[in-house]
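So the structure is just underneath, and the comments pick up after that.
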There are 2 protein chains.
Amino acid sequence: MSSSACDVTRNLHGHVCVCGPILACWCKTFCDVRSTMVGIRDVAEAAGVSASTVSQVVTGKRPVAATTRARVEDAIARLDYRPHPGAAQLRGGRSGTIALVVPTLENPFYPLVAAGMQDILVPRDLLLTITDSSGPRRSDSAIRRLVSRRVDGIVAAPFGFSTETLAELRDAGVPFVTLGAAPVPGGDLVHTDDVEGAREVTAHLLSRGYRRIAFLGGDESATPTRQRLEGVRSALAAAGGDPAAAAVAFTDFTREGGRQGTRELLARDPAPDAIVAANDLMAIGAIDVAREQGLRVPDDLAVTGYDDIEAASLITPSLTTVENPAREIGRACARLLLERLDGAVENVTRTVALSHRLIIRESS
Amino acid sequence: MSSSACDVTRNLHGHVCVCGPILACWCKTFCDVRSTMVGIRDVAEAAGVSASTVSQVVTGKRPVAATTRARVEDAIARLDYRPHPGAAQLRGGRSGTIALVVPTLENPFYPLVAAGMQDILVPRDLLLTITDSSGPRRSDSAIRRLVSRRVDGIVAAPFGFSTETLAELRDAGVPFVTLGAAPVPGGDLVHTDDVEGAREVTAHLLSRGYRRIAFLGGDESATPTRQRLEGVRSALAAAGGDPAAAAVAFTDFTREGGRQGTRELLARDPAPDAIVAANDLMAIGAIDVAREQGLRVPDDLAVTGYDDIEAASLITPSLTTVENPAREIGRACARLLLERLDGAVENVTRTVALSHRLIIRESS
DNA sequence: CTGAAAGCGCTTACAG
DNA sequence: CTGAAAGCGCTTACAG
C-alpha cells in the first residue's frame with residue numbers, strides 16, 4: 001500500500017492510518033474502516049530507501065550496507081512491519097511451510113517426530129503442517145493437496161503410498177524426505193536399521209529359550225513390516241532354524257490390529273511361544289489378547305514391540321522393545337530438507353541411519 | 001501467465017510448454033527450463049471464457065451458468081489446474097491455513113485434538129499447522145508468528161499465554177477458539193466441565209474412605225489447574241471438610257512434574273492418602289513415586305488422573321480418571337472456527353461444553 | 001551497494 | 001450471468 005505511514009496513529013491491528021496526521025485524533029475509529037496493513041513501501045519511506053532495499057534486508061538475499069540495514073531494521077521495528085506471506089510466495093516462490101505426512105496421529109511416535117521437526121523449523125521461521133493419512137487413497141490425496149498448496153518440502157512416512165505419487169512429488173520438484181521406508185530416488189531417507197533391530201530382539205528371544213517365534217506385521221506392503229520380518233528371519237536362520245517356517249500375520253499398525261493378528265497367530269498349530277510385533281501398539285494388542293485367553297506373559301507367551309513409545313514402559317508386563325529415537329528422527333528429517341531447500345544438495349539421495357537400542361523388560 | 005496452453009505438451013510438473021505446438025517434440029527438455037505453471041488464463045482460454053469466470057467457478061463466490069461452469073470445470077480437469085495459493089491469499093485475503101497451538105506434543109491428548117480438527121478441515125481443503133509452545137514466552141511468540149503468517153484462524157490451548165497476546169489476537173481480527181481455558185471475549189471456547197469432573201472424582205475418593213486428599217496441579221495459572229482444584233475443594237466442602245486444609249502442589253503437566261509434586265506432597269505431615277492429579281501424565285508420575293517409595297496403590301495411596309489418555313488403561317495399577325473426549329473437542333473447535341470464517345457469527349462469544357465421564361479403575 | 005520498473009497469478013469492484 | 005481492468009504486496013532482473 002502507499003498511504004503515508006503515521007506510526008503514531010497505528011492502531012492495534014498493526015494497521016496504519018491512511019488519513020494522515022490531521023485526522024490522527026479520529027484514527028482509532030477511522031482506521032477500522034479505511035486502514036490497511038503496513039507495507040514494504042511504508043517501511044521504505046520511513047527509512048528513506050527504496051522498496052527493493054527493504055526487501056533485501058528482509059530476505060537477506062543480497063548485501064546491504066550496514067548503516068542502511070540499521071535504518072531499515074529500525075523502521076521495521078517501529079512500524080511493526082510483517083511481510084505479507086502471500087505476496088512473498090507469489091513473487092518469490094516459497095510458501096515458508098513444510099509438511100509432515102504420517103499414517104496416524106494416534107500413535108504417539110509421530111507427534112514426537114513432529115516435535116523434533118519443530119526444533120529445527122521454528123528457529124528458521126518455517127511453519128509445520130501435519131496431515132494424517134490412513135489408507136493408500138488418502139495418502140495420495142494428502143500429498144496431492146500439499147503439492148497444490150506449494151509447500152516448500154515434505155517429510156512423509158509413506159505407508160501405502162503408490163509409487164506414482166512419490167514419482168509425482170519428485171517430478172513436481174518438491175524436496176522430500178521419507179521416513180523409515182525404502183529409499184526413493186530424488187529424496188532423502190531417515191531411518192533406523194529395522195532389519196538389525198528385529199534381528200536383535202529375535203536373537204534375544206532365542207537366547208531366552210523361545211523357539212516358536214511368530215511375526216506380527218502391520219500393512220504387508222509397508223517397509224517397516226518387511227524389514228522387521230527380514231530381521232526376524234535372519235535371526236532364525238542364524239540359529240539354524242527354518243525362517244520360512246515362522247508364522248506370520250499381517251494386519252495394521254494399531255492396537256486393534258495387534259489383537260486381530262494375535263488371535264490369528266494363536267489359533268495356528270503349533271501355537272507360537274513368542275510374538276515379535278512390528279510396533280509397540282500392536283504388541284500392546286497382543287498382550288490384551290494374551291490376558292483375554294489366560295496366557296501368562298512372558299511365561300506362556302513372550303511379546304516384543306518396536307519404537308519404545310511411553311506406553312511400552314507403562315503396561316504390565318512392561319514391554320521388551322527396540323527404541324526408535326522419534327524426536328531425533330524428526331530433527332534429522334528437518335535438517336535434510338532444509339539443506340535441500342538451501343540448495344546445498346542436488347541430485348543426491350542421502351540416507352541417515354539413526355541408532356536403535358534393544359530394551360529388555362518384563363514381557364520376554 | 002499467458003503462454004498459449006498446449007495441454008498435449010504439458011509435462012509431469014503440471015507445467016505448460018511455452019514454446020507452442022511447433023516445439024512440442026522438444027517440450028520435455030524445454031519445459032524444464034522455460035516452463036510455467038498452468039494459470040487461470042490458460043484455463044480461461046481453454047474454456048473460452050474470461051479469467052473472472054474461472055475465478056468464480058473456483059471460489060464459488062458468485063453464480064455461474066450451468067453450461068459455462070461445466071466447460072470451465074472440464075478445462076480445469078484437463079489442464080490439471082491448481083490455483084496458486086499465494087496469489088489467492090494476496091488478492092483474496094485468505095491463507096487457507098488454520099493453526100493449532102498446544103503446550104506440548106508429548107501429551108498424546110493434543111495430537112488427538114489435532115486429528116479431530118482434521119476430520120473437519122480436510123474436507124474443506126484447509127491446511128492445519130501445529131505449534132507446540134511451552135512456557136509463556138514461547139506461547140506468545142508462537143501466536144505472533146501465526147498472525148504474521150496470516151493464518152485464517154487459531155485454536156489455542158492458552159496455558160501461560162499473556163492476556164495481551166490474546167487481546168492482540170482479537171484486535172488483529174483473527175478468529176480464534178480457546179480450548180479448556182477461561183472464556184476470552186471475541187473468541188469461542190470449547191471445554192469440558194472441569195470443576196464438575198474434579199468434584200466427581202474427589203467425591204468418589206471420599207466415598208471410598210480416603211480423607212487426606214491432596215491436589216497435584218500443573219502450571220498454577222492454567223485454567224484447568226484452577227478449575228480442577230476448585231472441583232476438589234467443592235467436593236471436600238460438600239463432605240463437611242475444610243477445603244482450605246487440602247494439600248496442594250503446583251508443578252507442570254508432565255510425568256516428571258507429577259513426580260516432583262508427589263514427592264513434595266508425600267513429605268508433608270500428615271501425608272496424603274489420595275492424590276488427585278490434574279492430568280494423566282502427572283498421575284503416572286505420582287504412581288512412579290509411590291512405587292519408588294514402596295507405597296501400595298491404592299491401599300496406601302490412591303491416585304487419580306484426568307483426560308483418559310491411552311496410557312491410563314495400560315499402567316499398573318490402571319488409572320481412575322475423567323475422560324476428556326479429545327477428538328470430539330478437536331472437531332468442535334474446528335466447527336466453531338469455520339462458522340466464524342464463514343461469517344455466520346459476529347460479536348458473540350460462544351461456549352461449547354462437552355461431556356466428561358468418570359472412569360473408575362484400579363488406582364482408587 | 002542501491003533504485004525504478006515490471007510482473008508474479010489471482011480476485012473484485014465496475015460496467016454491461 | 002459475464003468480461004475488461006485494476007491492483008493486492010511483494011521480489012527480481014536490469015541498470016547504474
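In what follows, chains carry the letters A, B, and so on, assigned in the order in which the sequence lines appear, proteins first and then strands, with residues in each chain numbered from 1. Keep in mind that what you see is a predicted model, and the values were worked out from it rather than measured.
Nucleic acid contact for V58(A): none, since no nucleic acid atom lies under 4.0 Å from a heavy atom of the residue. Nucleic acid contact class of S52(A) (heavy atoms, under 4.0 Å, all strands): base. At a threshold of 4.0 angstrom between heavy atoms, the contacts of V64(A) are confined to the sugar-phosphate backbone, with no base atom among them.
A straight line from NE2 of H84(B) to P of dC8(D) spans 18 Å, rounded to a whole angstrom. A straight line from CG of D42(B) to P of dC8(C) spans 12 Å, rounded to a whole angstrom. Taking atom CZ on R41(A) and atom P on dG7(D), their separation rounds to 11 Å, with Å as the unit. Rounded to whole angstrom, the span from the CD1 atom of I40(A) across to the P atom of dT11(D) amounts to 5 Å. Between the P atom of dT11(C) and the OH atom of Y81(B) lies a distance of 6 Å, rounded to the nearest Å.
Although no hydrogens or angles enter the test, the distance criterion places no donor-acceptor pair under 3.5 Å between the side chain of T349(A) and the main chain of D188(A). Looking at Q89(A), its side chain never comes within 3.5 Å of a backbone N or O of H84(B) through a donor-acceptor pair.
Applying the 4.0 Å criterion to OP1 and OP2 of dG3(D), one finds that T53(B) has a side-chain N or O inside that range. Taking side-chain N and O atoms only, S55(B) has no distance below 4.0 Å to OP1 or OP2 of dC10(C). Taking side-chain N and O atoms only, K61(A) has a distance below 4.0 Å to OP1 or OP2 of dT12(D).
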Enumerate donor-acceptor pairs with a distance under 3.5 Å from any side-chain N or O in residues 51-65 of chain A to protein atoms, sequence neighbours excluded.
residue	atom	partner	partner atom	Å
T53(A)	OG1	S50(A)	OG	3.3
Q56(A)	NE2	S52(A)	O	3.1
T59(A)	OG1	S55(A)	O	3.0
T59(A)	OG1	K61(A)	N	3.3

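In this structure, R150(B) has no salt bridge (charged side-chain N to carboxylate O under 4.0 Å, His left out) partners at least two apart in sequence or on a different chain. Residues satisfying the side chain to side chain contact (heavy atoms under 4.5 Å, CB included) test with L337(A), not counting sequence neighbours, are I98(A), V155(A), P175(A), V177(A). Every residue two or more places apart in sequence or in another chain that forms a side chain to side chain contact (heavy atoms under 4.5 Å, CB included) with D74(A) is listed here: R78(A). For D132(B), there are no salt bridge (charged side-chain N to carboxylate O under 4.0 Å, His left out) partners two or more places apart in sequence or in a different chain. Looking at residues two or more places apart in sequence or on another chain, you find no salt bridge (charged side-chain N to carboxylate O under 4.0 Å, His left out) involving R149(A).
Within the structure, salt bridge (charged side-chain N to carboxylate O under 4.0 Å, His left out) contacts touching residues 84-98 of chain B (residues at least two apart or in different chains) do not occur. Evaluation of the side-chain hydrogen bond (donor to acceptor under 3.5 Å, both in side chains) test over residues 121-131 of chain B, restricted to residues two or more places apart or in two chains, returns R124(B)-D342(B).
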Check nucleotides 14-16 of chain C against the protein and report each pair of N or O atoms closer than 3.5 Å, with its distance, or say if there are none.
none

Requested in this report: Map every base of DNA chain D to its dot-bracket character, where paired means a Watson-Crick or G-U wobble contact with both distances under 3.5 Å and | marks a partner outside the strand.
Outcome: |||.||||||||.|||

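Look at the C1' atom in both dT12(D) and dG16(D): the space between them is 16 Å, to the nearest Å.
For residues 89-98 of chain B, proximity to DNA chain D is found at L90(B), R91(B), defined as any non-hydrogen atom under 4.0 angstrom from a strand atom. For DNA chain D, the neighbouring residues in residues 66-76 of chain B, judged by any heavy atom under 4.0 Å, are T68(B).
I130(B) CD1 to L105(B) CG: the interatomic distance, rounded to the nearest 0.5 Å, is 6.5 Å.
Here the closest heavy-atom approach between residue L128(A) and residue A114(A) is recorded as CD2-O, 3.8 Å. Minimum heavy-atom separation, V49(B) to R71(B): CG1-NH2, 3.6 Å. Here the shortest heavy-atom pairing between V38(A) and V43(A) reads CG1-CG2, 4.3 Å.
Residue order along DNA chain C, read from the 5' end via each residue's closest nucleotide, puts G48(A) first among G48(A) and P83(B).
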